[in-house]
There are 2 protein chains.
Amino acid sequence: MSKMPTVKDVAEYAGVSVGTVSRVLSGEAAVKPMLREKVNSAISALGYRPNVTARALRTSRTDVIGLIVPDITNPFFAQLAASVERAALERRHSLMLASSHNDRGAERAHVSAFLDRSVRGIIVVATGDSSGLHLEAPVPVISLDRRFGTFPLVSTNHAQAAALIADHLYGLGHRRIAYIAGPPDTEAGRMRKEGFVSRINRFGKTGEAVQLEIAYGKFDYESGERIARDLLSRPPQDRPTAIAAASDQQAIGALRAARDLKIDVPRKLSVTGFDDISLANLVVPRLTTIRQPADLLARRAVGLLLEEPPGTGDEMVDGSLIVRGSTGPRVQPKAVIAEHTN
Amino acid sequence: MSKMPTVKDVAEYAGVSVGTVSRVLSGEAAVKPMLREKVNSAISALGYRPNVTARALRTSRTDVIGLIVPDITNPFFAQLAASVERAALERRHSLMLASSHNDRGAERAHVSAFLDRSVRGIIVVATGDSSGLHLEAPVPVISLDRRFGTFPLVSTNHAQAAALIADHLYGLGHRRIAYIAGPPDTEAGRMRKEGFVSRINRFGKTGEAVQLEIAYGKFDYESGERIARDLLSRPPQDRPTAIAAASDQQAIGALRAARDLKIDVPRKLSVTGFDDISLANLVVPRLTTIRQPADLLARRAVGLLLEEPPGTGDEMVDGSLIVRGSTGPRVQPKAVIAEHTN
DNA sequence: CTGAAAGCGCTTACAG
DNA sequence: CTGAAAGCGCTTACAG
């Protein structure tokens, strides 16, 4: 394989100086049409491609965006990663991906590694609460979905979205509800819970009282399954008629527990999730949930990162309620079964 | 933020030349202990971190591995990506990720983009069959799981693994089996099918004959669901007693179709998958499948890439059968129900 | 508008 | 074993 052609080769071929070649390449500076023409044909004749490394060294700026997620095998993060990659591509940037495996140390190490590689900026979906962290970085850093350090956050409006779920379940007649919360050391976990709880409490004042109980777990399948199993192992009259989970994975775990205990969803129990991962539409029954607009979130995060100067304020995006088969009207105990409304 | 210190700063601080600093950094060349000591303390005093870009420009080599997958939201590829990232990290390399969205053009574009960024090497999980492609690359390229161009392939021994499934179903007494194949334009799709079919055919010669029918689909949920629905909509005596799918996603789609049609798995129908994605262990019933050793595959691929000279031969890794609840003994039609063996 | 030249931060023959 | 110097391939003031 012969060596790749450089600006110098192009310059010689076109009979101009390397500076002129560079100016044509950048497209910014004014170059006489004739020279521009010559340079462009030299470029295609030689098959020249700019050396990104040299450019980066000179300008100390690259077109690589670093993304750190807690766990790429988590479907929601995978979707987020896909969206960020697409958003980066739209802005002609590439993506460097790292997974922190939910390890705070690995997260920090990846930040440093990205900095060493002088990325254009870093987007991090934090693992747990790192709000104590006060990090200086020579490039913009944006938190996505979960706050990282003190950096601006782009996320779904968790509280608003959780209230949508509360409205939905209340509207279906549920007055005995269990909430499976996410880890209280995550902002997303706290905000979803608070949004849900405060809406339910408001109903308590303006309408019928709701018995609400809250259990905390991780965002994963296992937590949802375990907590739901506990909840549902009680005698029927002590069971909630609806379980709202802080994540789809928890909700899917809860569906599994319900099935194992032969509790019919949605006729005896309604279950809701949060995220709308692709699996939510594939489980039986299909899961009522909150759709997080991953593409939009990603585009905002990349936008903030690439702005000049980089965005500094938080951005919230509304989630939307997706009603599917896992929720239904409360069954009146010891009474006539309520009609399904559709 | 003050400028980052450079080798020059370190050299001045330590009272040596930049060459010596560089030699200490590389660890290769012999440097007098006393100077080495001085340099090291200068490095920590100044908080010096080497500029990777400059190093890359000089040596035209980086420590970034490019990975292209067809779709990061596919759980199996997500798992593979996580494994590759881990394997890369073990060898002190970072990962640049791109998703081709099953688009051959995007795949090629990503290869070029990686080449432009002078990655150390590229691992690609090809989308569809690209064996026609004869690409020259200035860095090593390895195919993972699915052949890309003519580059060496690291993959599960699909045929061997598929035969494991055939053995399992035959051993359970199934004599009427449907195989949901993957796209015939993928090597994985073809090899899994051939491994399965040839083992079944062998049974036909040495033991009882097996009625086998084959349907082709994509590797996704929808294909599995649709094909299974067709298969299972027939009158009971015309239905297969076992469905073997070429992917877990297809198998999960098939489970869904069976549930919709109220066909009990595994009592009336056995279903098997391939991949052992994490979901396989969470569906109801849990899925009998083939585990692809993602970590091992990833480590081999990275190993081949980083070898000097880069590995050039294919590598096959055996898959293993994971028996779970979705398979059981064939029910004798119009006869006594066979006892479960465990 | 264009060319000649400096310089980004390293590594590595080349002398000594 | 160590230093001085060249050079990786660009971009960008600086003159003209």
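Note on naming: letters A, B, ... go to the chains in the order of the sequence lines (proteins, then strands), and numbering restarts at 1 for each one. Below, all heavy atoms of this structure are taken into account, side chains as well, without hydrogens, waters or symmetry copies.
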Novice: Can you tell me the base-pairing partner of D/dT2? Count Watson-Crick or G-U wobble geometry only, both distances below 3.5 Å, and say none if there is no partner.
Specialist: C/dA15
Novice: Just the rounded figure in Å: distance from C1' of D/dC10 to CG of A/Asp63.
Specialist: 14 Å
Novice: What's the closest nucleotide to the A/Leu25 side chain, out of D/dC1, D/dT11, C/dG3?
Specialist: D/dT11
Novice: Figure out the CD/P separation between A/Glu12 and C/dA4, and round it to whole Å.
Specialist: 12 Å
Novice: Side-chain donor-acceptor pair under 3.5 Å between A/Ser83 and A/Asp295, yes or no?
Specialist: yes
Novice: To the nearest Å, how far apart are B/Arg23 CZ and D/dG3 P?
Specialist: 8 Å
Novice: Could you say whether B/Leu57 or B/Gly19 is positioned toward the 5' end of DNA chain C, judged by the nucleotide with the nearest heavy atom to each?
Specialist: B/Leu57
Novice: Quick check: closest heavy atoms across B/Ser99 and B/Asp71, and the distance to 0.1 Å?
Specialist: OG-CA, 3.5 Å
Novice: To the nearest Å, give me how far apart CG (A/Asp116) and P (C/dC10) are.
Specialist: 11 Å
Novice: Does C/dG3 have its OP1 or OP2 closer than 4.0 Å to a side-chain nitrogen or oxygen of A/Ser17?
Specialist: yes
Novice: State which of C/dT12, D/dT2, D/dT12 makes the closest approach to the side chain of B/Thr59.
Specialist: C/dT12
Novice: Using whole Å, report how far CG of B/Leu35 lies from C1' of D/dC1.
Specialist: 9 Å
Novice: A/Arg36 CZ to C/dT2 C1': how many Å, rounded?
Specialist: 13 Å
Novice: Under a 4.0 Å threshold between the charged nitrogen and the carboxylate oxygen, would A/Lys32 count as salt-bridged to A/Glu37?
Specialist: no
Novice: Choose from D/dG9, C/dG9, D/dA5 the nucleotide whose nearest atom is closest to any side-chain atom of B/Val18.
Specialist: D/dA5
Novice: To the nearest angstrom, how far is B/Asn51 atom CG from C/dG7 atom P?
Specialist: 17 Å
Novice: Is A/Val16 touching bases, backbone alone, or none of the nucleic acid, heavy atoms closer than 4.0 Å?
Specialist: sugar-phosphate
Novice: Tell me whether A/Ser143 contacts the main-chain N or O of A/Phe151 through its side chain, where contact means a donor paired with an acceptor under 3.5 Å.
Specialist: yes
Novice: Consider only side-chain N and O atoms of B/Thr127 and B/Asn102, and report whether a donor and an acceptor are under 3.5 Å apart.
Specialist: yes
Novice: Within the structure, does a side-chain N or O atom of B/Ser22 lie under 4.0 Å from either OP1 or OP2 of C/dC10?
Specialist: no
Novice: Give a yes or no on whether a donor-acceptor pair under 3.5 Å exists between the nucleobase atoms of C/dG9, that is its base, and the side chain of A/Arg58.
Specialist: no
Novice: To the nearest Å, give me how far apart CZ (A/Arg117) and P (C/dG9) are.
Specialist: 18 Å
